[in-house]
Amino acid sequence: MKPHDAMFIDGGWRPAAGAEAIEVRNPADGQVIATVPAGTAQDVDDAVRAARAALPGWSATPPAERAARLAALRDRMAARIGEIAETVTAELGAPLTFSTRVHAGSPVAVAGSYAELAASYAFEEKLGTSTVLLEPVGVVGAITPWNYPLHQIVAKVAPALAAGCTVVLKPAENTPLVAQLFAECVAAAGIPAGVFNLVTGLGPVAGQALAEHDGVDLVSFTGSTAVGKKIGAIAGAAIKRVALELGGKSANVILPGADLARAVKTNVANVMANSGQTCSAWTRMLVHADRYDEAVARAAEAIAAYVPGDPTDETTRLGPLVSAAQRDRVRGYIERGVAEGARLVAGGPEAPEGREQGYYVRPTLFADVTPDMTIAQEEIFGPVLSVLRYEDEDDAVRIANGTVYGLAGGVWAADEETAVAFARRLETGQVDINGGKFNLLAPFGGYKQSGVGRELGPHGLAEYLQTKSLQF
Ligand code: NAP
Ligand code: MG
């Protein structure tokens with residue numbers, strides 16, 4: 001795909017209002033690979049007007065027809081899966097095998113799930129003497145991050161379109177190319193002009209203008225807690241609907257009697273995937289004191305298999321981080337962990353050998369981490385795993401719940417019943433039981449400061465609906 005020097009507004013590519021541009025860099029070597037226009041408030045206004053104008057037509061389109069357009073979108077994306085993977089690898093740095101399976105595969109599946117849901121969802125319900133109509137909220141302003149760039153776009157756009165909403169998207173400045181590719185797929189899928197619009201740009205400029213725009217009825221944001229607080233305040237002041245998918249510091253709790261080898265290996269893979277840039281990553285591994293040393297030794301062995309490498313090489317399992325800023329931030333946290341007295345078992349703040357050019361960080365394992373340490377409290381967003389010790393179940397619950405976050409988690413036990421009983425005590429939005437797999441129909445979202453609202457599946461669709469009741 002060639003980058004567009006334009007915005008996708010009202011069904012076509014139009015020149016940006018201003019002349020500013022964003023440079024897109026390849027994280028593996030820091031070289032500029034493309035530029036895209038940096039949108040202004042004027043571009044956002046044009047896009048919101050287009051979305052408002054398209055709203056009456058799209059919201060009145062029968063759900064079966066919206067479903068057909070979403071199925072066509074899924075098919076357009078599926079036909080370009082290799083190109084999607086290469087684009088994400090080029091601008092994010094994720095290993096190509098991971099880009100193909102997850103960054104490209106998951107959005108295709110999610111788009112497909114909403115093609116099915118649009119056709120089958122009950123947009124009307126009976127309640128006593130009332131008929132309740134579930135109607136689209138209106139124009140959606142979607143602001144997305146770079147870590148799962150296409151997944152996070154589709155997790156907002158597909159349910160919004162299924163619900164009958166229209167959308168203006170402001171993707172992350174680091175990963176605008178896959179967003180442009182997505183806009184090409186939208187156009188090719190025969191989705192009417194103005195239903196989906198793309199404004200590339202900087203967060204504090206285009207993102208903020210979108211969140212503040214009077215013509216936006218719902219702001220859906222995924223990203224940092226710091227920006228999420230601002231978006232929430234803007235939306236609250238204007239009485240707009242808001243969905244916030246923020247950070248996490250998820251705990252993986254290995255209970256006595258669990259399959260320790262499998263639990264530890266799975267935990268290491270979970271944190272190393274996408275170079276640790278996953279909001280739901282199990283960055284805290286909690287192990288009973290009796291098996292603590294064994295768990296640390298197993299984790300050290302597992303982490304050795306993650307050698308930072310060229311993301312376009314099919315054997316690479318760990319690529320660079322997205323940007324120099326992110327690399328420096330993560331290295332800062334590693335230094336902080338050492339300074340606060342955690343035991344560095346593997347990795348460290350230095351550049352990995354032979355990888356001084358790109359935005360690489362050494363896969364890092366900390367032991368003897370206590371719950372009060374910064375690395376046990378704050379989201380690092382890098383390939384860094386902390387192992388914490390607990391004395392009994394109550395202690396494990398206290399530690400697991402002892403952060404401001406609550407997005408995901410894992411529980412491993414000898415049997416499902418024990419694991420589920422423990423999972424009920426966790427203040428978090430998702431828990432994988434004994435290595436349960438990611439389910440794209442399961443509601444995804446946070447307790448506490450991990451966010452407001454849910455994405456994916458029918459719960460994700462409900463976010464984009466408002467209710468009207470008719471009494472008979
Ligand atoms: P971020 O600044 O919160 O970025 C998320 C999105 O919000 C981007 O599109 C960004 O634009 C936009 N944005 C930034 N400031 C804005 C504003 N004032 N108004 C409206 N939109 C705004 O996140 P980041 O800087 O990329 O990453 C920082 C940290 O956030 C990471 O280290 C990680 O801990 C966390 N994070 C979490 C998630 C998650 O999935 N929960 C995802 C990404 C990051 P720009 O691209 O121009 O900044
Ligand atoms: Mg930012």
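Remember, it's 1-based here, ligands and their atoms both numbered in the order they're listed.
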Which of the ligand 1 atoms, numbered from 1, are nearer than 4.0 Å to a heavy atom of [X]:
X    : answer
L202 : 47 (O)
T222 : 5 (C), 40 (O)
T144 : 6 (C), 8 (C), 9 (O)
A172 : 9 (O), 46 (O)
G247 : 41 (N)
Q208 : 18 (N), 19 (N), 20 (C)
G223 : 3 (O), 5 (C), 36 (N), 37 (C), 38 (C), 39 (C), 41 (N), 42 (C)
Q152 : 40 (O)

Practice problem: Start with the C-alpha distance between F196 and F182, add both sets of side-chain angles, then the distance that settles ring-ring contact (aromatic ring centres under 6.0 Å, His included), and finish with yes or no. | Solution: CA-CA 10 Å; F196 169 80; F182 175 75; 5.2 Å; yes

Exercise. Indicate whether any N or O donor in one side chain lies under 3.5 Å from an N or O acceptor in the other, for T278 and Y148.
Key: yes

Quiz item: Can Q466 and D217 be counted as having a side-chain donor-acceptor contact under 3.5 angstrom?
Solution: no

Please state which option from [options] has its nearest heavy atom closest to [atom].
atom                    : options                : value
atom 19 (N) of ligand 1 : A38, G201, G203, A281  : G203
atom 48 (O) of ligand 1 : E378, K170, E173       : E173
atom 24 (P) of ligand 1 : W146, F381, F221, Y333 : W146

Exercise. Check whether NZ of the Lys or CZ of the Arg R327 lies under 6.0 Å from the centre of the six-membered ring of Y359 and within 45 degrees of that ring's axis.
Key: no

Practice problem: Return yes or no for this condition: an N or O of Q326 is under 3.5 Å from an N or O of ligand 1. | Solution: yes

Is [X] touching ligand 1 with its side chain, its backbone, both, or neither, if touching means heavy atoms under 4.0 Å apart?
X    : value
Q277 : neither
L210 : neither
Y148 : neither

